[in-house]
Every structure is written in C-alpha cells, then in structure tokens.
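All remarks here apply to the structure that follows.
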Amino acid sequence: MSPNKLFIRRLTTDWKYKYGVWKTTVDWTVALYIVIPALILGIDQYLQWWKVPLFWVNQVPINILLVVCYLFAWAGSPRIFLEEGDQLFLLNRTKWLKQIIKQGLIYSFLLNSLFSMFFFVLLAPLLMKHYQISSAYFACLFFITLFLKIFLGLAKQLLNLRYYGWKEFIVVKGLLITGSFVFIRIIPYSLNNYIVAIITMLVLIMFSLILTLIRINFLSHFLADVAREQKQRLKYVSFLLIISGINVKKPKKQRIRPLLFYKSNLIFKKRTPVNGIVEMCIKATLRNNKSVKEYLQLVFVCTLVVFSLPSILKWLIWLVLAFVWVNFVSLYWREIMSSETGRIFQWKWKDKIVAFRKFIFLMTIPGFLLISLIVGFQTFSWIGVPLIIPISIIMVFYACRIVTVLVELNSTI
Amino acid sequence: MSVLQVDIIKAGYVGKKQVIEDINFSVKQSEIVGLIGPNGAGKSTTIKAIVGLIPEVTGRIQFIGHKKNYAYIPEQPILYEDLTLWEHLELAAAVNEIERAILLEKGNELLSIFRLQEVKHHFSASFSKGMQQKVMIILGLLMQPDVYVIDEPFVGLDPRATMEFIRFLKDERKRGAGILLSTHQLDIAEKICDSIMLIIDGKLVVQGSITEIQEQCKLPGASLFDCFDSILENEYYVTK
C-alpha cells in the first residue's frame with residue numbers, strides 16, 4: 001500500500017457510494033418519466049438559445065452575469081480525502097497525509113475544470129450571441145473564473161480552519177463581498193485588454209500555488225478537516241435524498257448559549273404539560289436557522305403569489321394558503337416530536353393533541369397574518385388592514401381545528 | 001410491594017425477533033436490582049423492551065407502583081439540541097406536573113451537586129458526553145418516579161459524579177423507589193444492589209442476592225466479579 005494507492009481506493013469508494021445513492025434515488029421510473037424528458041427538453045431549449053436570443057436577456061446587465069460567474073467561482077471547496085481513521089494510522093506519518101491531500105487537491109482542480117467547462121458551455125449562447133463577446137475574450141473569462149474558483153476554494157477553506165465564530169463570519173463574508181467587487185471591476189477591463197487578462201490569470205495562478213502549498217502543509221486542524229470532508233461527501237447525497245422527499249438532518253455548528261430566550265426564559269407563565277410541550281417546540285423551531293429560513297422563504301413566496309394574482313383568485317388562494325400554512329407548520333412539530341429525546345418523557349395522548357393544536361395555531365399566525373395584510377391592503381386599501389386581522393385569526397383557528405381532527409383520526413401525531 | 005413486574009416471553013428487533021426470552025422478574029419498592037451480563041447478552045434489549053422502545057415484545061410489563069410512572073436513563077444521552085439544560089428541566093417538570101417551587105429548589109440543588117449550575121442556560125448539545133449523561137440523570141432524579149430504569153449510567157461519569165449518583169440512588173431507594181440498573185461495573189453493583197440478575201445469550205441465568213449467587217457458585221465470600229467469571233467459564237459454557 002502506498003499513499004497514491006490509498007488515495008485511489010478512497011476516490012473509488014467515494015464514487016461507488018455516490019453511484020449507489022444515485023441508483024437508489026433515480027430508479028427506472030424516475031429516469032424514464034423525469035430525468036430523460038428533462039434532459040431532452042433541456043438540450044432542445046439550449047439549442048434554441050443559440051438560434052433565438054432570449055427575450056429577457058435585454059433586461060440583464062453584463063454585471064449581473066459577472067456576479068453569477070463570481071458566485072460560481074465562490075461555490076465549493078477542494079476535497080482532501082482525509083478520514084477519521086487516519087488519526088490512528090496516518091497522523092504521525094505526515095508524508096502520507098501530505099501526499100493524500102496533494103492528490104485530493106489535484107483531483108478537485110480537475111473537477112473544477114470540468115464543472116467550469118459545463119458552466120461556460122451553458123453561458124456561451126448568452127455571452128457570445130447576445131453580448132457579442134469574441135472567442136478569445138470568452139476563453140479569457142473562462143480561465144479567469146476557473147483560476148479564481150481554485151484560489152477562492154483554497155482561501156475559503158484555510159480561512160474556515162484559521163478563524164471561528166463571528167471572526168470566521170466576518171473574514172469569509174468580507175472575502176465574498178470585496179472579491180465580487182474586485183471581480184466586477186477588473187473583468188470588463190481585462191476583456192478589453194489581453195495583457196491585463198493574462199496578468200490577472202498569472203496572479204491568480206501564483207496565489208493558488210502558494211495557497212496549495214500552505215494547504216498541503218496545514219495539518220494542525222485534522223478533526224475540522226475530517227468533519228468538512230464528511231459533510232462534503234454527503235453534500236450531493238443529501239441533495240438527492242432531499243429531492244426524493246427524505247428528511248436529512250445536517251450536522252450544524254452548535255452555539256453554546258441561545259440568542260433567543262438567552263436565560264431559558266419562559267414563554268408561558270402557567271406551567272402545564274401542554275404549555276411545556278408547546279414551549280419546547282416553539283423554542284426549538286425559532287432557534288433552528290434552517291426552520292426560520294424556510295418559514296421566511298414561504299412568507300416571501302406566498303406574498304409574491306397573492307400580490308400578483310387578480311382580486312377573486314387572490315381571495316381563493318388566500319383561503320387555500322391558510323391550510324397550506326397550518327400543514328407546513330405541522331412539519332416542524334413532527335420533526336421535533338420524532339426526536340429520540342421524546343422517549344425519556346411520557347407524553348399523554350390528550351396533552352399531545354392539545355399541544356399540537358396550540359403550536360400550529362401560534363406558529364401559523366405570524367406568517368399568515370403578513371400574507372393576509374397584503375391581501376387586505378390590496379383589496380380594501382388601508383381600511384382592509386385592521387379588518388383582515390381578526391378574520392385571519394378566526395380562519396387559522398378553524399384550519400388548526402380541522403387539521404388536528406384529521407391528524408387525531410389518523411393517529412399520526 | 002412490587003413496582004415493576006416483567007414477564008417477557010420473547011423480545012427483539014425487526015429481522016431478529018428473539019434476542020431475549022423467558023425474562024421474568026420483579027422490582028420491589030426500595031430495591032435496587034442489578035442487571036449484569038457480557039457484551040451482547042441482551043441487557044439493553046431487556047431495558048428497551050421494558051420502556052417500550054422495541055416493537056417486537058411478547059409478554060407483559062407492568063408498572064404497578066403508586067404513580068405508575070418511571071424514569072428512563074439511557075446509555076447514550078439523548079437531549080434536544082435546541083433547548084438549554086434548564087429548559088429540559090422545565091419541560092420535565094411541566095410534563096410530569098411538578099410544582100414550580102419544587103422544580104426551582106430541587107432542580108437548582110441537583111445542578112449544584114452535579115456541578116452544572118454555571119452552564120444551566122447553555123445548549124445541552126454543547127456539553128461533553130459525561131455532562132450530557134449528568135443531565136439525563138438529573139432529569140430522572142427530578143421526576144421522583146416509582147421506578148428507575150437505568151442503562152449503563154456510569155459510562156462517561158467522572159469519579160465524583162459517580163459517587164454522587166450512587167448516593168442519590170441510595171436516597172431514592174430510601175424514598176421507596178424501585179431501581180433496575182444495567183451495568184458492567186460489577187464492584188458498584190455488588191455494593192449497592194439488593195438483588196442481581198445475570199443474563200447470558202438472552203436468557204436469565206442467575207437471579208438472587210449476592211449471598212445466594214455465592215452459594216449457587218459454591219464460592220462463599222467471593223466477589224461478584226469472581227462469581228460472574230465462574231458462572232461464565234465453568235457452569236454456563238460447560239453445560240452449553
């Protein structure tokens with residue numbers, strides 16, 4: 001066994017694992033009815049872009065496209081293929097570790113090149129047909145984006161290892177924002193001047209080489225490296241599982257103290273089993289960034305939908321949305337109550353039912369009220385705002401009752 | 001008076017329905033029953049069957065104490081990652097209808113004893129395994145149930161916390177609680193248990209007080225460790 005052989009073995013296992021998940025998710029029915037038709041439609045649409053320019057492209061300034069390129073370069077992090085077991089066998093054999101990291105980086109750079117090619121093939125009709133960029137400039141933009149992707153991937157990874165908490169947030173987000181401004185400023189200039197373009201590329205290659213060397217020799221954060229590797233290994237797998245409707249719990253960085261209810265403050269003064277369960281679920285939901293993000297995204301999407309609909313349809317959809325919201329919020333309940341921790345508490349069925357109804361009511365109200373306010377204001381102007389509030393509350397109250405009865409009948413709480 | 005009556009004909013998991021069989025015993029008020037056995041013998045399966053965590057159970061398990069409740073302390077700490085330590089106590093108190101004054105007094109006392117007062121408003125997920133185990137124990141102690149069902153409680157506890165936990169088990173026994181304790185720590189089991197059960201390959205092999213076990217092994221005055229070794233080496237595997 002040599003480091004190179006070990007790397008090849010890890011790479012093969014990685015691909016086999018991904019292929020296995022892909023095969024499980026995309027069976028022949030999914031392939032036949034979704035993947036193949038989507039591919040055919042996608043290729044046809046792409047060929048159309050070469051023939052007929054897209055009608056909405058006129059609205060898109062070139063800077064937006066450059067931001068898209070920058071975000072593409074920003075995405076992802078190079079793989080280094082370290083595993084947890086290495087702390088037993090390889091941690092004191094730095095030569096082996098360095099060789100595996102080196103191979104991992106080379107593999108990541110090759111993968112970056114392939115992804116960048118695919119990305120630019122997609123952008124080609126837009127850039128070359130609509131913006132009339134010459135092949136040489138197109139190639140320049142491609143190489144600059146590719147080298148930037150390699151540089152940013154390494155820089156981000158090293159900064160994540162070096163800093164933690166709010167410092168990491170500031171440094172990494174700072175790099176994202178300043179980098180995007182520099183990119184948008186330099187690229188148009190580079191595209192008008194080959195020398196600037198070549199210098200940009202050379203600078204990026206030089207910095208990437210320096211960072212590659214630093215990365216290979218940066219072995220002091222082994223556990224953080226392994227944790228990131230595991231996360232990256234599961235990244236595409238999680239994505240496939242999520243689109244198959246399977247709930248994947250991602251590991252998250254754990255804060256020591258909560259931001260909300262900092263001193264374990266009570267929500268309900270009256271301490272009853274029902275209030276205890278509801279309080280636990282509300283706190284668990286509000287402290288979970290993913291849940292809050294999903295909640296706000298749904299508010300945003302629903303607001304857009306009701307905002308853009310004509311009057312009668314708006315009210316019909318508003319009615320439907322009340323039930324959609326109650327059902328959406330009940331998913332949070334399920335996630336929390338399905339936790340293993342529930343095993344140590346012996347909930348009474350009756351308490352669970354009442355707590356469920358109370359939780360979905362309280363959690364639905366803020367989001368649904370916001371949407372209702374838009375509907376009320378658009379239809380009846382300012383007078384609609386105070387009118388819609390009590391109506392919405394009554395509406396949600398009954399929607400919660402109906403959903404609770406259905407859940408109770410199915411014993412699926 | 002018994003607080004827990006266990007009559008398991010067989011129990012196991014999906015795909016392996018008979019991990020344990022013919023497990024019959026009871027836990028009385030003010031009694032600590034130790035459940036010992038080699039790795040993979042079925043101790044945890046027995047515990048899980050008692051608290052209703054495995055689907056495949058044939059038999060009868062009855063909590064027959066005054067309150068008809070129990071506290072389960074699992075081997076692996078399981079806590080809500082988005083709740084603070086104190087919020088777990090609040091939840092346990094609310095669900096078990098413990099008066100607020102009692103929660104504040106007893107909860108704070110337990111936190112001080114287990115030296116967790118400083119981190120009471122921290123997320124329990126940020127704790128070490130030993131600290132999380134202490135939280136599980138505190139939750140159990142706070143409930144003051146009829147029966148404690150405890151799986152390997154000493155794993156991850158520092159010596160001082162182990163001593164405190166043993167002291168609390170003794171206090172709870174004095175209060176009248178029945179305690180079923182699965183453990184590999186034979187020296188502790190010998191010191192605190194009123195009765196010992198030895199499970200091997202899913203079957204109850206020996207059951208009784210330490211003196212009765214010594215008599216069964218024909219090793220008067222021997223330690224539980226020696227009796228355990230003797231049963232495993234000379235009696236069980238030879239007859240098997």
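Numbered from 1 within each chain, the chains take letters A, B, ... in sequence-line order.
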* **Whether over 12 other heavy atoms sit under 6.0 Å from A:Arg162 CZ** => no
* Structure fact -> Honestly, the part of B:Pro74 sitting under 4.5 Å from a heavy atom of chain A is side chain
* Select one option (side chain, backbone, both, neither) describing which atoms of B:Ile98 are under 4.5 Å from chain A's heavy atoms. => neither
* Pi-cation contact, B:Phe165 with B:Lys134 (under 6.0 Å, within 45°) -> no
* Does the ring centre of B:Phe123 sit less than 6.0 Å away from the ring centre of B:Phe127? -> no
* Asked: How about A:Trp325 and A:Tyr295: are their ring centroids closer than 6.0 Å?
  -> yes
* Non-hydrogen atoms of chain B under 4.5 Å away: do they reach the side chain of A:Ile336, the backbone, both or neither? -> both
* Asked: Tell me, side chain or backbone of A:Phe261 under 4.5 Å from chain B's heavy atoms, or both, or neither?
  -> both
